[in-house]
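Some notes on the structure that comes next.
Letters A, B, ... mirror the listed sequences (proteins, then strands); counts begin at 1.
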Number of protein chains: 2
Amino acid sequence: MESFIKLCKSNNLKITPQRSLIYKELVASKDHPNAEIMYKKVKKTFPAISFDTVYRTLLTFSKIGIADILALPGEPKRFDGNKKGHYHFRCIKCDNIIDINDSSNIIKIPDSISQKFDILDSKIIFEGICDKCKKVN
Amino acid sequence: MESFIKLCKSNNLKITPQRSLIYKELVASKDHPNAEIMYKKVKKTFPAISFDTVYRTLLTFSKIGIADILALPGEPKRFDGNKKGHYHFRCIKCDNIIDINDSSNIIKIPDSISQKFDILDSKIIFEGICDKCKKVN
DNA sequence: GTAAGTGCAAAGGCTTTGCGCACGC
DNA sequence: GCGTGCGCAAAGCCTTTGCACTTAC
């Protein structure tokens, strides 16, 4: 929460109740909600908030590095508050997105590529069927 | 081209001039065009074609496995006809998308993950600055 | 002949923007 | 007080859908 305040100040963003709340909800979210779902979440504790504010705030967060945007074909943007380097697994059945933490260094970028390009970020989404859906089948 | 005809037949898709043309343009595309750009390309040799047909056809192709959809935040879907396992590098300056072929097995999925999930596909986009833009700077 | 494809247009959904008022600093 | 943020509404853009006509098979 303190780091949030610092980040806002260093980006000339004011600390508003709406922003603080959205921030808290975002980092607390283990799923990867889209703006619509975030809106419903924050509305519970802040009924007067507007959808636009939520959407705009999430976009702002992604600009200053608090949130990541997950773009998937055919569905609205999802937002991710977990900024530690990690990847995603998306179940094509239940549509949930599960974090995969990079404890084991999944990615090895060959020198031939890292010499040619400056790689700053990597967006990695595995797709398949999750453990729960495997059981249900 | 023959494999295209086979695929269509096995999916009960008719071989229309529009489809054949879009297919040819797609596999010939080294960039990763969106529907708008594809539309302009095919319009040159088939002026009567409609945007809808191009769009619908590209979606159809992605369903039967001819094309891949690349979803990026803040821009229209791009389509990719190169179906051999490969990854993408996107330059955040010039916005081009460059293929990275997996000759060197960039991805190693740990057993702990592959045992839990059935991983069927992986969408991997590296982001950074390409060699051309590095020089310009 | 029949089912699927195409073209046209219109609707749909997500996202973005403009503007006046409110609020943090 | 000044500049930023908020809420409201409307527009924008990409994408999807319905329908009648045409075409591949």
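Inspection of the A:His32 and A:Asn96 side chains reveals no N or O donor paired with an N or O acceptor under 3.5 Å. Side chains of A:Thr57 and A:Thr60: a donor-acceptor N/O pair is absent below 3.5 angstrom, by distance only.
Of all nucleotides listed (D:dC25, C:dC25, D:dT15), C:dC25 comes nearest to the side chain of A:Lys14. Listed nucleotides C:dC8, D:dA9, D:dT15 differ in distance to B:Asp52; the shortest reach to its side chain belongs to C:dC8. For A:Arg19, the listed nucleotide lying nearest its side chain is D:dG5; candidates were D:dG5, C:dT6, D:dT15. Closest contact between the side chain of A:Arg56 and the listed nucleotides C:dC14, D:dG7, D:dT23 involves D:dG7.
The distance from atom CG of B:Asn11 to atom P of D:dA24 is 19 Å, rounded to the nearest whole Å. Between the OH atom of B:Tyr39 and the C1' atom of D:dC14 there is a distance of 15 Å, given to the nearest Å. Protein atom CG of B:Asn34 is 12 Å distant from nucleotide atom C1' of D:dC13, rounded to whole Å. Atoms NZ (B:Lys63) and P (D:dT16) sit 9 Å apart, rounded to a whole Å. For the pair A:Phe51 CZ and D:dG7 P, the computed distance is 13 Å after rounding to whole Å. A straight line from CG of A:Leu72 to C1' of C:dC14 spans 14 Å, rounded to a whole angstrom. Taking atom CD1 on B:Ile49 and atom P on C:dC8, their separation rounds to 11 Å, with Å as the unit. As a whole-Å value, the separation of A:Lys9 NZ from D:dT4 P is 16 Å.
Contact between the side-chain N/O atoms of A:Gln18 and the OP1/OP2 oxygens of C:dC23 is not found at any separation under 4.0 Å. In this structure, A:Lys43 does not reach the D:dG7 phosphate: none of its side-chain N or O atoms is under 4.0 Å from OP1 or OP2. Taking 4.0 angstrom as the limit, B:Lys77 places a side-chain polar atom (N or O) nearer than this to OP1 or OP2 of D:dT16. Between A:Thr53 and the phosphate of D:dC6, there is no side-chain N or O to OP1/OP2 separation shorter than 4.0 Å. For the OP1/OP2 pair of C:dT16 and a distance below 4.0 Å, the side-chain nitrogens and oxygens of A:Tyr55 include at least one atom meeting the criterion.
The pair A:Asp80-A:Lys30 fails the salt-bridge criterion, with no side-chain N (NZ, NE, NH1 or NH2) lying under 4.0 Å from an Asp/Glu carboxylate O.
A side-chain contact (heavy atoms from CB on, under 4.5 Å) with A:Arg78 holds for exactly one of A:Leu72, A:Ile69, A:Asp68; it is A:Leu72.
Comparing B:Asn12 and A:Leu13 against DNA chain C, the residue whose closest nucleotide sits nearer the 5' end is B:Asn12. Judged by closest nucleotide on DNA chain C, B:Thr16 is the one of B:Thr16 and A:Glu36 placed further toward the 5' end. Projected onto DNA chain D by closest heavy-atom contact, B:Glu75 and B:Pro17 fall at different nucleotides, the more 5' of which corresponds to B:Glu75.
Although no hydrogens or angles enter the test, the distance criterion places no donor-acceptor pair under 3.5 Å between the side chain of B:Thr53 and the main chain of B:Ile49.
Within 4.0 Å of B:Ala35, counting heavy atoms only, lies no atom of the nucleic acid at all.
There is no path of hydrophobic side-chain contacts, each under 4.5 Å, that joins B:Ile97 to B:Met38.
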